[in-house]
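Structure first, commentary second.
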Amino acid sequence: MRRQPIPRYALAAAMVLVLAEAALAAGLRPARDFFYLLVWWPYVALADGLVKARRGASPATATPAGLAALAFWSVSFWLVFEAYNLVLGNWRYVGLVAARPVRWAGYVLSFATVLPAVLVTAGWFETLRPFRRLAVPRFAWTPRRRLAAGLAGVAAAALPLIQPRWAYPLVWVGPFLVLDAAVDALGGPGLVRCLAAGRGGRVAALLAAGLFCGLLWEFWNYWAGAKWVYHVPLPRVLDVRLFEMPLPGFLGFLPFALECEAAARLLSALGLLPPVEGLPPPRRRLPGWAAAAAAALQPPLWALAFALMDRVTVVSFR
């Protein structure tokens with residue numbers, strides 16, 4: 001496909017990123033308190049613009065309603081991991097805004113970036129030559145193997161709650177196996193089925209996007225005033241850090257990106273997302289009343305999760 005100029009909104013987003021960095025370096029209070037929002041939403045817009053320039057279409061321009069819905073469900077998706085962290089205690093938040101309405105609005109706007117950031121970044125990597133139509137060896141993906149993978153995922157998702165000290169890394173593996181098996185059961189295709197068919201480009205792009213976004217998450221977090229810090233039970237020899245993150249922890253961003261895609265594919269398969277450029281179309285839509293009820297249930301669940309985070313996960317306010 002013939003390349004297009006980088007759209008103006010992407011160039012404007014790049015300028016906002018530069019200004020946000022400058023404001024933080026100057027020590028401006030709003031930049032310190034809201035740095036995450038000031039860099040991640042412009043980053044999503046910039047990455048989306050790069051996708052449009054290379055592919056001619058992007059989630060924001062081709063399916064804006066789908067991207068907005070993806071951001072909505074991204075909050076609920078990330079709160080699953082915040083719920084895990086109530087038990088695991090692997091990260092804590094420091095320096096958050098003391099005013100609860102502002103802080104909770106910040107939670108929503110921050111967590112809404114997770115799925116769009118990873119998936120739009122993966123879309124950009126997918127346009128690059130090494131990822132386009134990447135072939136991998138085929139293998140049989142039978143219903144029995146899918147069931148075994150799903151059951152293994154259930155076990156891997158449960159173990160961190162039973163043995164948090166040593167099983168906590170499974171948080172970044174188990175949910176993917178469960179979600180991907182569910183996508184396949186609904187007619188998919190799941191990511192493992194794509195690999196079984198010899199199509200490895202999307203998976204490779206997701207792995208690259210996970211690591212790339214992970215580096216950006218940790219880099220930008222390190223300099224922010226409102227931030228997270230890690231308390232991971234690692235042997236001292238392994239607790240070598242890049243920014244706030246122990247180096248082994250960066251491996252978790254690889255399966256996390258697969259979890260992001262699997263969650264988006266499941267939402268799409270159920271019809272909870274309008275069409276999103278780059279995702280398979282819905283397969284088995286929920287009845288309209290069920291989809292509406294599921295969406296209406298999310299904000300009360302968010303409020304419960306935010307209250308628990310404030311009590312358990314947030315260490316300090318400013």
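Note that the numbering runs from 1 along the sequence shown for the chain.
Within 6.0 Å of the CZ atom in Arg100, the count of heavy atoms belonging to other residues, nucleotides or ligands does not exceed 12. Heavy-atom contacts from other residues, nucleotides or ligands closer than 6.0 Å to CG of Leu215 number more than 12. The number of heavy-atom neighbours closer than 6.0 Å to CZ of Phe139, taken from other residues, nucleotides and ligands shown, is above 12.
Of the inter-residue distances, the one linking Cys260 atom SG with Phe176 atom CZ reads 11.5 Å to the nearest 0.5 angstrom. Rounding to the nearest 0.5 Å gives a distance of 9.0 Å between CG of Asn221 and OH of Tyr93. To the nearest 0.5 Å, atom CE of residue Met309 and atom CZ of residue Arg92 are 11.0 Å apart. The distance from the CH2 atom of Trp124 to the CZ atom of Arg55 is 12.5 Å, given to the nearest 0.5 Å. Note that CZ of Phe77 and CG of Leu115 are 5.5 Å apart. Values are rounded to the nearest 0.5 Å. Of the inter-residue distances, the one linking Glu218 atom CD with Trp228 atom CH2 reads 6.0 Å to the nearest 0.5 angstrom.
Across Ala204 and Leu134, no two heavy atoms sit closer than the pair CB-CD2, 3.7 Å. Across every non-hydrogen atom of Ala65 and Pro274, the tightest pair is O-CG, 4.0 Å. Contact detail for Pro160 and Leu88: the closest heavy-atom pair is O-CD2, 3.4 Å. When all heavy atoms are compared, the tightest approach of Ala13 to Ala45 is CB-CB, 3.7 Å. What you find for Gly49 and Pro7 is that their closest heavy atoms are O-CD, 3.3 Å. Among all heavy-atom pairs drawn from Pro5 and Ala53, the shortest one is O-CB, 3.9 Å.
Cluster membership check: Trp73 shares its hydrophobic cluster with Val75, using side-chain heavy-atom separations under 4.5 Å among Ile, Leu, Val, Met, Phe, Trp and Tyr. Connection of Tyr222 to Leu211 is established within a shared hydrophobic cluster, with ILVMFWY side chains joined at heavy-atom distances below 4.5 Å, either directly or through further cluster members. A single hydrophobic cluster is seen to contain both Phe219 and Met245, as judged by linkage of ILVMFWY side chains at heavy-atom distances under 4.5 Å, directly or through other members. Cluster membership for Leu11 and Val39, using ILVMFWY side-chain heavy atoms within less than 4.5 angstrom, is shared. Tracing side-chain contacts under 4.5 Å through hydrophobic residues (I, L, V, M, F, W, Y), one never reaches Leu177 starting from Val154; they form parts of separate clusters.
Inter-residue side-chain proximity for Asp180 and Arg193 is flagged as unmet; no heavy-atom pair is nearer than 4.5 Å. In this structure, Glu21 and Leu17 have side chains that are not in contact, with every pair of non-hydrogen atoms separated by 4.5 Å or more. A heavy-atom distance below 4.5 Å is not found between the side chains of Leu207 and Phe125. Residues Leu79 and Leu301 are not in side-chain contact: their nearest non-hydrogen atoms beyond the backbone lie 4.5 Å or more apart. Inter-residue side-chain proximity for Trp91 and Glu244 is flagged as unmet; no heavy-atom pair is nearer than 4.5 Å. You'll find the side chain of Cys213 stays beyond 4.5 Å of the side chain of Phe253, heavy atoms only. Taking 4.5 Å as the limit, some side-chain heavy atom of Ser74 sits within range of a side-chain heavy atom of Pro116. For the pair Phe34 and Leu109, the minimum side-chain heavy-atom distance is 4.5 Å or more.
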Exercise for review: Kindly indicate, with the supporting measurements, whether the criterion side-chain contact (heavy atoms from CB on, under 4.5 Å) is fulfilled by Thr113 and Tyr36.
Suggested key: CA-CA 10 Å; Thr113 65; Tyr36 185 102; 2.9 Å; yes
Check your understanding: Please walk me through it: do Leu38 and Val16 pass side-chain contact (heavy atoms from CB on, under 4.5 Å)?
Key -> CA-CA 8 Å; Leu38 293 175; Val16 173; 5.7 Å; no
Practice item. Start with the C-alpha gap between Trp172 and Phe81, add the side-chain angles, then the distance that decides, and say whether ring-ring contact (aromatic ring centres under 6.0 Å, His included) holds. Key: CA-CA 9 Å; Trp172 310 110; Phe81 299 96; 4.9 Å; yes
Exercise for review: Assess whether side-chain contact (heavy atoms from CB on, under 4.5 Å) is satisfied between Thr121 and Tyr43, documenting all intermediate values.
Suggested key: CA-CA 9 Å; Thr121 302; Tyr43 169 78; 2.6 Å; yes
**Study point:** Residues Tyr168, Asn85; criterion side-chain contact (heavy atoms from CB on, under 4.5 Å); working and verdict
**Key:** CA-CA 9 Å; Tyr168 66 90; Asn85 194 52; over 6 Å; no
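A donor-acceptor distance shorter than 3.5 angstrom exists from the side chain of Arg138 to the backbone of Ala197, with no hydrogens or angles considered. Looking at Asp184, its side chain never comes within 3.5 Å of a backbone N or O of Arg146 through a donor-acceptor pair. One N or O on the side chain of Arg265 and one on the backbone of Pro189 form a donor-acceptor pair closer than 3.5 Å. Within the 3.5 Å criterion, the main-chain N or O of Lys52 finds no donor-acceptor partner in the side chain of Ser58. In this structure, the side chain of Asp48 does not engage the main chain of Val120 through any donor-acceptor pair within 3.5 Å.
Annotation: salt bridge (Lys or Arg N to Asp or Glu O under 4.0 Å) contacts involving residues 294-304, sequence neighbours excluded, are absent. Under the side-chain hydrogen bond (donor to acceptor under 3.5 Å, both in side chains) criterion, the residue pairs touching residues 296-315 are Ser76-Gln298, Ser76-Trp302, Arg103-Asp310, Trp104-Asp310, Tyr107-Asp310, with sequence neighbours excluded.
Using the six-membered ring where Trp is involved, Trp78 and Phe256 have ring planes that are perpendicular, over 60° apart on the 30 and 60° scheme. Using cut-offs of 30° and 60° on the angle between ring planes, the pair Trp220 and Trp40 is perpendicular.
In summary, the side chains of Tyr84 and Asn90 do not present any donor paired with an acceptor at a separation below 3.5 Å, with no hydrogens or angles considered.
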